[in-house]
Amino acid sequence: MYNLVMKDLKLGIQPMFFVLPILFGLLVLIPSWIYFLVPMYFFWISVPNLFGNFKTQNDLMFTSLMPVTKKDIVKARVSVIVILEILHIGSALIFGLVHDLVYSNSNITYYFFAPSIGFWGLCMVMLAIFNIILIPIYYKTAYKFGRALFLATAAAMIFAGIVQWLGIQIKPVSDIFNVTIAEHIAVHASVLIAGIVIFAVFTLMAYRIAVKRFLKVELL
């Protein structure tokens, strides 16, 4: 399985996609921006290009000729997706800390969520929703990804839209995430931890469902 992951990272993915998390992370430095858009670029740009490249390269057929199991094929591809997602969130989180240092003495009014620790927990939940829909649907064929990507992206964006709307409409929530962050650090830490747990559970569920479906797919 390790060799399959390295195959994707070295041969299947262009180096540009390892740079994109840093470039998109820089957007966090924009004051009072819609920071939910930062991880969404992973849905809009990275995933469709990556899956399109794998399809063009006939990667599935090539991999099936190797002495590996279908379970390992799914596990490797899910691992690669998770690695890229962590790179996107990790880069954005680092730039979020830089954002706090740069604007620490500025009186910025946040109409949307500030790039706080708790906010990145919400982003992890968004990615979890994306994974639980994308991965199982994709592995019905492990070849066609358009419908899976559309549904997963739509669900993730709806979640982000609802959460952001609640943050705007409900003042106590807005205060916790945008005004009195230092006073509610325990809440932010809890949201981050919960987001990580939900991400791990949903992705594991997606992987297990994908394996069951992929075992039924005829490759040759």
Under the ring pair (Phe, Tyr, Trp, His ring centres under 6.0 Å) test, residues paired with Phe113 that sit two or more places apart: Phe177
Thr153 side, atom OG1; Met40 side, atom CE - distance, nearest 0.5 Å: 9.5 Å
Partner residues of Lys216 under the salt bridge (charged side-chain N to carboxylate O under 4.0 Å, His left out) criterion, sequence neighbours left out: none
Pairs involving residues 75-91, ordered by first then second residue, that meet salt bridge (Lys or Arg N to Asp or Glu O under 4.0 Å) (sequence neighbours left out): Asp8-Arg77, Asp59-Arg77
Val47 vs Phe17 side-chain heavy atoms within contact, under 4.5 Å: no
Asn178 (side chain) donor-acceptor with Phe112 (main chain) under 3.5 angstrom: yes
side-chain hydrogen bond (donor to acceptor under 3.5 Å, both in side chains) partners of Ser91, counting only residues at least two apart: none
Rounded distance (nearest 0.5 Å) linking atom CD1 of Ile196 with atom CG of Leu127: 11.5 Å
Stepwise side chain to side chain contact (heavy atoms under 4.5 Å, CB included) test for Leu26 and Phe95: CA-CA 6 Å; Leu26 287 170; Phe95 283 111; 3.3 Å; yes
For Tyr207, all residues meeting ring pair (Phe, Tyr, Trp, His ring centres under 6.0 Å), sequence neighbours excluded: none
Side chain to side chain, Tyr41 and Leu27, heavy atoms closer than 4.5 Å: yes
Sub-4.5 Å side-chain heavy-atom contact between Leu101 and Leu97: no
Sub-4.5 Å side-chain heavy-atom contact between Leu166 and Val173: no
Hphob cluster co-occupancy, Ile209 + Leu151, side-chain heavy atoms under 4.5 angstrom: no
Distance-minimising heavy-atom pair for Ala148 and Ile133: O-CG2, 4.5 Å
Atom pair CD1 (Ile132) and CE (Met205), whose distance is rounded to the nearest 0.5 Å: 4.5 Å
Tyr35 side chain to Ile30 backbone, donor-acceptor under 3.5 Å: yes
Stepwise side chain to side chain contact (heavy atoms under 4.5 Å, CB included) check, Asp72 with Leu4: CA-CA 8 Å; Asp72 283 341; Leu4 289 177; 4.1 Å; yes
Nearest-0.5 Å distance, CD of residue Gln169 to CD of residue Gln164: 10.5 Å
Side chain to side chain contact (heavy atoms under 4.5 Å, CB included) evaluation trace for Ile137 with Phe150: CA-CA 11 Å; Ile137 296 178; Phe150 174 79; over 6 Å; no
Asp100: side chain to side chain contact (heavy atoms under 4.5 Å, CB included) partners, not counting sequence neighbours: none
Value rounded to 0.5 Å, distance of CD1 in Ile117 from CD1 in Ile185: 4.0 Å
In one Ile/Leu/Val/Met/Phe/Trp/Tyr side-chain cluster, 4.5 Å: Ile108, Ile176: yes
Residue pairs, two or more places apart or on separate chains, that pass ring-ring contact (aromatic ring centres under 6.0 Å, His included) and touch residues 126-149: Phe43-Phe130, Phe51-Tyr138, Phe51-Phe145, Tyr139-Phe214
Side chain Lys70, main chain Val217, donor-acceptor under 3.5 Å: yes
Over 12 non-hydrogen atoms of neighbours within 6.0 angstrom of OH in Tyr103: yes
Approximate separation, where rounding is to 0.5 Å, of Arg208 CZ and Ile135 CD1: 13.5 Å
Minimum side-chain heavy-atom gap Phe18-Leu84 below 4.5 Å: yes
Ring pair (Phe, Tyr, Trp, His ring centres under 6.0 Å) against Phe62, all qualifying residues, sequence neighbours excluded: none
Distance-minimising heavy-atom pair for Ala210 and Val74: CB-CG1, 3.9 Å
Contacts of type side chain to side chain contact (heavy atoms under 4.5 Å, CB included), residue Ile94, not counting sequence neighbours: none
Side chain to side chain contact (heavy atoms under 4.5 Å, CB included) partners for Pro39, two or more places apart: Ile89, Cys123, Met126
Which residues share a side-chain hydrogen bond (donor to acceptor under 3.5 Å, both in side chains) with Thr141, sequence neighbours left out: none
Salt bridge (Lys or Arg N to Asp or Glu O under 4.0 Å): pairs with one or both residues in residues 159-173, sequence neighbours excluded: Lys171-Asp175
Contact summary for Val191 and Gly118, nearest pair of heavy atoms: CG1-O, 3.2 Å
Under 3.5 Å: donor-acceptor pair, side chain of His88, backbone of Val38: no
Within 6.0 Å of NZ in Lys144, more than 12 heavy atoms from elsewhere: no
Nearest atoms (heavy-atom pairs only) where Gly195 meets Met124: O-CB, 3.5 Å
Close side-chain approach of Ile83 and Val5, heavy atoms under 4.5 Å: yes
Member of Trp33, Tyr110, Phe36 meeting the ring pair (Phe, Tyr, Trp, His ring centres under 6.0 Å) criterion with Phe119: Phe36
